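Note sheet for the following structure.
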Amino acid sequence: MSQPWNLPEREVTAEKALRSRRRWLKWTGVGAIGLGAGAWGWWRFFGGTDKQVLAGGEVPGTAGDLYPARRNERFAIDRELTAETAAARYCNFYEFSGFKFVWRLVDSFRPLPWTLEVTGLVGKPRTYDLDDLIRTFPLEERVYRHRCVERWAMAIPWTGVPLAALLRQAEPLPDAKFVRFTSFDRPKEASQQSDRSMPWPYTEGLTLAEATNELTFLATGMYGHPLLKQHGAPIRLVVPWKYGFKSAKSIVRIELTDRQPATFWNTLVPHEYDFSANVDPAAPHPRWSQEQDYMLGTGEVRPTQPYNGYGPWVASLYS
Ligand SMILES: Nc1nc2c(c(=O)[nH]1)N[C@H]1C(S)=C(S)[C@@H](COP(=O)(O)O)O[C@H]1N2
Ligand SMILES: [Mo]
């Protein structure tokens with residue numbers, strides 16, 4: 001028999017549902033706050049303040065007196081310099097991480113003392129220590145475009161020496177056709193190098209003609225001071241008309257060879273990263289178009305240029 005106090009079953013259910021919905025909302029609220037706090041903490045840690053991002057990568061003891069070096073205006077470009085902090089917090093350096101916040105993970109890296117060996121098919125092999133190198137060859141500053149194969153791009157004032165100057169001093173032998181670059185191998189300092197299924201150390205290569213092109217640069221600094229750890233301290237290659245992965249960081253050896261050397265990315269993922277890797281908007285990556293550059297810092301989008309805008313210097317190498 002129906003009495004007023006006997007609520008119909010469907011209303012009881014509705015009331016219960018309402019209560020459980022309130023509880024759910026309360027807990028999702030708590031969850032959202034927790035997530036928000038987590039994201040904020042994560043950003044504080046891995047995003048860092050501008051000061052932390054720059055200070056964390058400094059290498060005390062590099063010859064600061066030689067910087068800034070005089071800018072060589074021959075290499076002036078059509079875009080504004082990328083903000084230093086934008087470049088320094090967004091790096092590719094797989095020895096430390098597959099994420100871009102490398103600056104947070106380089107504490108254990110000890111780039112000094114450092115030696116660079118020039119060896120292989122040369123008349124005069126030689127090992128430089130860093131100080132030796134930057135006092136033997138006059139340092140200059142060059143503003144170059146940089147284009148990563150992943151599409152992000154930047155404009156960087158590098159300080160360093162043309163690779164051709166070093167190679168000339170080494171006196172390449174007639175059989176030398178290629179140059180192989182080898183980065184450091186220190187699993188104790190670079191956590192990802194403990195994974196020995198990867199072909200460490202990082203290696204790259206150029207033809208001898210590419211390596212002696214006047215654009216090819218060995219950088220020991222950027223933005224008027226020695227290189228930060230996350231950018232490949234204390235010495236790295238810069239090859240501005242090729243995708244960024246050709247510009248090997250923290251190199252310890254330059255070796256002249258008579259055959260094309262294996263490279264890190266070409267060994268790991270041959271169908272995505274070829275040996276020549278010249279910037280080419282008309283040749284899409286297997287997973288994305290290569291028609292646009294995305295500038296770090298400003299987010300500006302620009303059409304990608306053949307040879308990254310360096311055709312006048314290098315197109316003749318490939319005709
Ligand atoms: N040893 C080494 N060199 C390296 C890399 C790397 O992971 N390890 N990444 C390359 C890639 S993919 C790019 S785009 C540039 C990035 O330089 P940056 O982080 O100083 O901007 O370094 C290149 N050199
Ligand atoms: Mo890259």
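Predicted, not measured: the structure shown is a model, and the values here were computed from it. All values below were derived from every heavy atom in this structure, side-chain atoms included, with hydrogens, water molecules and symmetry-related copies excluded. All ligand and atom numbering here is 1-based and tracks the order in the structure.
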Query - No-hydrogen, no-angle side-chain donor-acceptor test under 3.5 Å, Tyr90 and Trp103 - result: no
**Report entry** Close-contact set for ligand 1 against Arg236 heavy atoms, below 4.0 Å
**Finding:** 15 (C), 17 (O), 18 (P), 20 (O), 22 (O)
Query raised in the report: For ligand 1, which atoms sit closer than 4.0 Å to a heavy atom of His146?
Result: 14 (S), 15 (C)
Query raised in the report: Just wondering, do Pro240 and Trp313 contact through their side chains at under 4.5 Å, heavy atoms?
Result: no
Query raised in the report: So, are Asp65 and Arg135 salt-bridged, with charged N and O less than 4.0 Å apart?
Result: yes
Query raised in the report: Taking the six-membered ring for Trp, is the centroid-to-centroid distance between Phe99 and Phe46 below 6.0 Å?
Result: no
**Report entry** Distance filter under 4.0 Å to Tyr94 heavy atoms, resulting ligand 1 atoms
**Finding:** 6 (C), 7 (O)
Report summary line: Ranked by distance from atom 8 (N) of ligand 1, the top protein heavy atom is Glu95 OE1, 2.8 Å
Query raised in the report: Where do Leu139 and Ala69 come nearest, in terms of heavy atoms and distance?
Result: O-CB, 3.6 Å
Query - Cys91: numbered ligand 1 atoms lying under 4.0 Å from its heavy atoms - result: 19 (O)
Query - Ligand-side contact atoms (ligand 1) for residue partner Ser183, heavy atom cut-off under 4.0 Å - result: 1 (N)
Query - SB check Arg196 Asp185 (cutoff 4.0 Å) - result: yes
Requested in this report: Give a yes/no verdict on whether any heavy atom in Glu150 is under 4.0 Å from an atom of ligand 1.
Outcome: no
Requested in this report: Provide the number and element of each atom of ligand 1 under 4.0 Å from a heavy atom of Cys148.
Outcome: 14 (S)
Query raised in the report: Would you say the side-chain atoms of Tyr294 and Gln292 include a donor-acceptor pair closer than 3.5 Å?
Result: yes
Query raised in the report: Does Trp265 reach ligand 1 with a nitrogen or oxygen that is under 3.5 Å from one of the ligand's nitrogen or oxygen atoms?
Result: no
**Report entry** Side chain, backbone, both or neither: Phe245 near ligand 1, heavy atoms under 4.0 Å
**Finding:** both
Requested in this report: Name the orientation class of the two ring planes belonging to Tyr307 and Tyr318 (parallel below 30°, tilted from 30 to 60°, perpendicular beyond 60°).
Outcome: parallel
Query raised in the report: Does ligand 1 have any atom sitting under 4.0 Å from a heavy atom of Ser247?
Result: yes
Query raised in the report: Quick one: does Gly232 get a heavy atom under 4.0 Å from ligand 1?
Result: no
Report task. For atom 21 (O) of ligand 1, grab the closest protein heavy atom and report residue, atom and distance to one decimal in Å. Result -> Met154 CE, 2.9 Å
Requested in this report: From the options Arg151, Gln290, Glu272, Glu150, select the one residue that forms a side chain to side chain donor-acceptor pair (under 3.5 Å) with His285.
Outcome: Glu272
Query raised in the report: Looking only at distance, does Trp158 have an N or O less than 3.5 Å from an N or O of ligand 1?
Result: no
Requested in this report: List every atom of ligand 1 that sits less than 4.0 Å from any heavy atom of Ala248, numbering the atoms from 1 in the order shown and giving each element.
Outcome: 3 (N), 24 (N)
Query raised in the report: Can you check side-chain hydrogen bond (donor to acceptor under 3.5 Å, both in side chains) on Ser250 and Tyr202, steps first, answer last?
Result: CA-CA 10 Å; Ser250 305; Tyr202 193 98; over 6 Å; no
Report task. For atom 18 (P) of ligand 1, grab the closest protein heavy atom and report residue, atom and distance to one decimal in Å. Result -> Lys249 NZ, 3.3 Å
Query raised in the report: Quick one: which ligand 1 atoms are inside 4.0 Å of a heavy atom on Trp152?
Result: 14 (S), 21 (O)
Query raised in the report: With respect to atom 5 (C) of ligand 1, which of Asn92, Asp185, Leu227 exhibits the smallest heavy-atom separation?
Result: Asn92
Report task. For residues Trp158 and Tyr144, determine if any side-chain heavy atom of one lies less than 4.5 Å from a side-chain heavy atom of the other. Result -> yes
Query raised in the report: Considering only the protein, which heavy-atom contact is closest to atom 6 (C) of ligand 1, and what is its distance?
Result: Tyr202 CE1, 3.4 Å
Query - Lys/Arg N to Asp/Glu carboxylate O, Glu214 vs Arg74, below 4.0 Å - result: yes
